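Residue numbers count from 1 along this sequence. Everything numeric here is computed off the predicted structure, so don't read it as measured data.
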Amino acid sequence: MRKLFLSCLILTTAFPVFSSNKTYTFDGRQVIVDNASGAVTIVAGCDTIINSNIPAWGLDDNRRRPETLSNVKSSSRRISDIHGDALRVSVSGFCGKEKATVDYDIYPQFILTRLSVDAAPGANTDFALNYLAPIATRRPFAFTDRTGNYAISVPYDNDAWVRYTNTHFGDSIPESYEVAAIFNADTRKGLIIGSVEHDVWKSAIRTTTDSEAAITSLEAFGGASSNLTRDRRSHGAVAGSQVKSPRFIIIAANDWRDGLELFADQCATFAPQMKQIAPRPFGWNSWGKLQTKITYQKAIEVSDFIHDNISNRGFHDADGNVVIDLDAFWDFGFKNHQHREFVEHCRANGQKAGIYYCPFTDWGNNPDATIGELPQYKMGDLYIRVNGEPVVFDGAPALDPTHPATKARIKRQLEQFIDWGYEYVKIDFMAHGAYEGDSHFDPAVTTGTQAFNQGMAFIDSVVDNRMWINLSIAPLFPANYAHSRRISCDAWGSVKDTEYVLNALTYGWWLDHVYLFNDADHVVYEGASDAENRMRITSSAITGVYFLGDDMSNGGKDDTKQRVIKNSGNPELNAMARNCKSFRPVEHANGTAAADMFTNHDADYVYVAIFNFSDKAVEKSLPLRRLGLSESAEFSAQELWSHDNISIRGAIKASIPARDVKVYRIAKN
């Protein structure tokens, strides 16, 4: 108790005490307002989580970062909304003639904050902002009273093999998009800050720290634009007599992993998940190995191989189905009449047929091509442009999601899929639809996120839950327009591919709280060792959408097919995949590396997957307390690859061969 008391004393007296301070207290949190400057400090329990905060805002390079606000006023009132009951503390003040108001809504588990900026009286109607930071701390503050602190940076999308980054305090921390997490490795205590609204703004969090466990600056803002958002210009501006930032959540969590899941749950409260129309998908995708060589005949042969050799070994979803998914270049390998035949063949095999589409790209790179659905337009009319030039990334110009011809093309193609009978669609290169541009066809749309929302809402209105929508390359948010999303970029079969996918799972597992499922991409066996095959299939089983990718047609390699049968036909691993959503990390990793231990549970078992990414055998020891299990009790367990039955007390002690994995199923009783 003495240590706790001292910690509280130190942390809650770390900021200056002014006679003008006014304190608002609700459910164990304090919002302390310096009415002389407008600076706000937030204390949660014993911990200062925001120190001397004064908002910032602006347009492009003209940014207002006031050291103090004038004519500061604060007030409070009770509110109730979709997030629950809260105390709203409103703090307002002036910078010049512009009025800034920050609301701090204190809920039982978190705080939501938003900045609103009013134009100066008499300002013209062109008042516009493209940068609003409700959180812009002014003074350093201690995060914890110990070392071993880290900051997680989250990428905006999953394109170009981008990675999540975990940075030790004192080192340079990359900008984090939509959400950031700060945590202590030993205690797991964390601070989560992220945007829960994704209808107008791209948001980011910038953090600087020192090696003595202090946060030296913290900024959370709407208006992010960088090479990692793939943008070629500044964020679009929002105009009006009053402009509002997205709402940001502030979570002080005992376990940073719980905090990220709570963040995701609140995002899904604001924009609910898609209705689940099928169980977690099991399947096959042609881009793994067949790629441009996909044909009707090869797809039929793959369907038959999976039906005859794998589905009867437990590789199927909870309804007994498997998706046979055609990826890019299907239009070169199929004649129109063969689509219905393929769909019916899959259904006869107890399968669902899937297909592929890119709604926001012009892969033909032909701006003069006439739009068949609306002949008054050419493809170039649909392009998103910056300084008049098309925005091109990944080799394709980006299309404006608000353009009527873009929508007409989408409607025709998706309705054709549905008419053919397809029940699953992988839609790719979605981030192209969110790029900032000079303008959009819809004049009410001024930001890339607004355009993306409009385009995705249109896709959903056409599909009307008649197909499972799986996003491939796409922004993390908004997340309410698809059933599932690829958690990483393309991955194949090597240990490097597995480690890359698991980097995204290490810090992005919580995304299946906003999507129904994450997706670990197709699993490819060919070209990798048997041990690497086990690693790769395990990485998919513990992530979400569970797809194979090898050439299982008659022309595929026989030895690869035999490994597919053996490893993908592991009934215990398949049952685990059906019963669990994404596993979360047991511990963190450093830099851009992946964690090597992941865990989840169902009604009867605790599962633990332990990976060895190195070229040498390793010995691993995992104390059961880090899994929330008693170290004094004895547990019965089975390792799901060897099928060895073991007893565990105190810790899991595992010998993992080079480039291999072990998966433990621990009986809760």
Side-chain angles (χ1 to χ4, degrees), residues 44 49 82-84 107-112 150-155 158 164 166 176-185 187-198 203 205 220 246-274 276 280 475-480 482-485 487-488 501-520 542-545 579-589 594-595 597-603 606-609 626-629:
I49 57 175
I82 58 173
H83 299 280
Y107 297 84
Q109 292 181 285
F110 51 85
I111 295 172
L112 291 178
Y150 294 84
I152 298 168
S153 298
V154 175
N158 58 330
Y164 292 72
N166 188 41
S176 187
Y177 296 94
E178 309 298 350
V179 65
I182 298 165
F183 70 97
N184 180 267
T187 66
R188 289 184 173 145
K189 185 171 76 170
L191 175 63
I192 315 299
I193 296 177
S195 171
V196 297
E197 293 179 325
H198 307 98
S203 66
I205 298 90
R247 280 189 288 185
F248 283 86
I249 197 167
I250 305 169
I251 301 170
N254 291 328
D255 187 322
W256 62 275
R257 302 171 303 170
D258 294 337
L260 279 168
E261 291 176 4
L262 177 59
F263 159 74
D265 290 339
Q266 293 309 307
C267 292
T269 298
F270 178 78
Q273 288 180 327
M274 290 278 282
Q276 186 163 350
R280 171 183 178 173
L476 273 69
F477 292 101
N480 54 307
H483 300 93
S484 52
R485 175 188 171 276
I487 202 169
S488 57
V501 169
L502 291 179
N503 164 263
L505 185 66
T506 301
Y507 303 115
W509 84 93
W510 48 268
L511 284 161
D512 70 2
H513 288 241
V514 289
Y515 298 92
L516 294 171
F517 297 98
N518 293 315
D519 174 359
I542 67 174
T543 295
V545 173
N579 293 339
C580 297
K581 294 186 75 175
S582 289
F583 283 42
R584 67 182 187 174
V586 178
E587 310 292 358
H588 71 284
M597 300 183 188
F598 298 84
T599 186
N600 207 331
H601 61 88
D602 60 21
V606 174
Y607 296 94
V608 181
R626 299 299 276 181
L627 300 173
L629 298 175

- Message: For a side-chain contact (heavy atoms from CB on, under 4.5 Å) check, start with the C-alpha distance between T599 and V606, then their side-chain angles and the critical distance, and finish with the verdict.
- Response: CA-CA 7 Å; T599 186; V606 174; 3.8 Å; yes
- Task: Any chance you could lay out the side-chain contact (heavy atoms from CB on, under 4.5 Å) test for Y507 and N166, step after step, and finish with the verdict?
- Result: CA-CA 9 Å; Y507 303 115; N166 188 41; 3.3 Å; yes
- Return yes if some donor-acceptor pair links the side-chain N/O of D519 with the main-chain N/O of G544 below 3.5 Å, else return no. no
- Message: Against E178, only a single residue in P475, S195, P478 fulfils side chain to side chain contact (heavy atoms under 4.5 Å, CB included); can you say which?
- Response: S195
- Message: Could you tell me if the side chain of V179 sits less than 4.5 Å from the side chain of I193, heavy atoms only?
- Response: no
- Query: Is it the case that N184 and T187 place a side-chain donor and acceptor less than 3.5 Å from each other?
  - Reply: yes
- Item | Pairwise side-chain contact, I249 with I111, heavy-atom cut-off 4.5 Å (strictly under) | no
- Message: Contact between L191 and I251 at the side-chain level, heavy atoms closer than 4.5 Å - yes or no?
- Response: no
- Could K189 and F183 be counted as a cation-pi pair, given that NZ or CZ must be under 6.0 Å from the ring centre and within 45° of the axis? no
- Residue pair V608 / F598, side-chain heavy-atom distance below 4.5 Å: no
- Item | Flag side-chain contact, heavy atom, 4.5 Å: Q109 against D258 | no
- Query: Once you round to the nearest 0.5 Å, how far does SG of C580 lie from CD1 of I542?
  - Reply: 10.5 Å
- Query: Going by atom types only, do N480 and Y515 share a side-chain donor-acceptor pair under 3.5 Å?
  - Reply: no
- Query: Can you find a side-chain donor-acceptor pair between N158 and S488 that sits under 3.5 Å?
  - Reply: no
- Item | Backbone N/O of V154 and side chain of S176: donor-acceptor pair under 3.5 Å | yes
- Would you say Q276 and F517 make side-chain contact, with heavy atoms under 4.5 Å? yes
- Query: At their closest point, which heavy atom of G508 faces which heavy atom of Y164, and how far apart are they?
  - Reply: CA-OH, 3.7 Å
- Charged N to carboxylate O below 4.0 Å: is that the case for D512 and R280? no
- If you look at every heavy atom in I192 and W256, which pair is closest and at what distance? CD1-O, 3.8 Å
- Do Q266 and H83 meet the criterion of a side-chain donor-acceptor pair at a distance under 3.5 Å? yes
- Under the 3.5 angstrom rule, does the side chain of K581 hit a backbone N or O of L516 as a donor-acceptor pair? yes
- Message: For S484, is there any backbone N or O sitting under 3.5 Å from a side-chain donor or acceptor partner on N518?
- Response: no
- For the pair F477 and H198, name the ring-plane relationship: parallel under 30°, tilted 30 to 60°, perpendicular over 60°. parallel
- Can F263 and V196 be said to form a side-chain contact (heavy atoms from CB on, under 4.5 Å), step by step? CA-CA 7 Å; F263 159 74; V196 297; 4.3 Å; yes
- Nearest heavy-atom contact between H588 and A185 is CE1-CB, 3.4 Å
- Locate the shortest heavy-atom distance separating A594 from L502; write the atom from each residue and the value. CB-C, 3.5 Å
- Message: Is it the case that the side chain of T506 and the backbone of P585 share a donor-acceptor pair, with hydrogens and angles ignored and the cut-off at 3.5 Å?
- Response: no
- Query: Do R247 and F270 pass the side-chain contact (heavy atoms from CB on, under 4.5 Å) test, and can you show the C-alpha distance, the side-chain angles, and the key distance before you say yes or no?
  - Reply: CA-CA 10 Å; R247 280 189 288 185; F270 178 78; 3.7 Å; yes
- Item | Pairwise side-chain contact, R485 with L476, heavy-atom cut-off 4.5 Å (strictly under) | yes
- Query: What heavy-atom pair brings V514 and C267 nearest, and what distance separates the two atoms?
  - Reply: CG1-CB, 3.8 Å
- Item | F583-W509 aromatic ring centre distance below 6.0 Å | no
- Query: Is it true that R188 and E587 make a salt bridge, defined as a side-chain N closer than 4.0 Å to a carboxylate O?
  - Reply: yes
- Measure the CG-CG distance between L262 and D255 for me, rounded to the nearest 0.5 Å. 12.0 Å
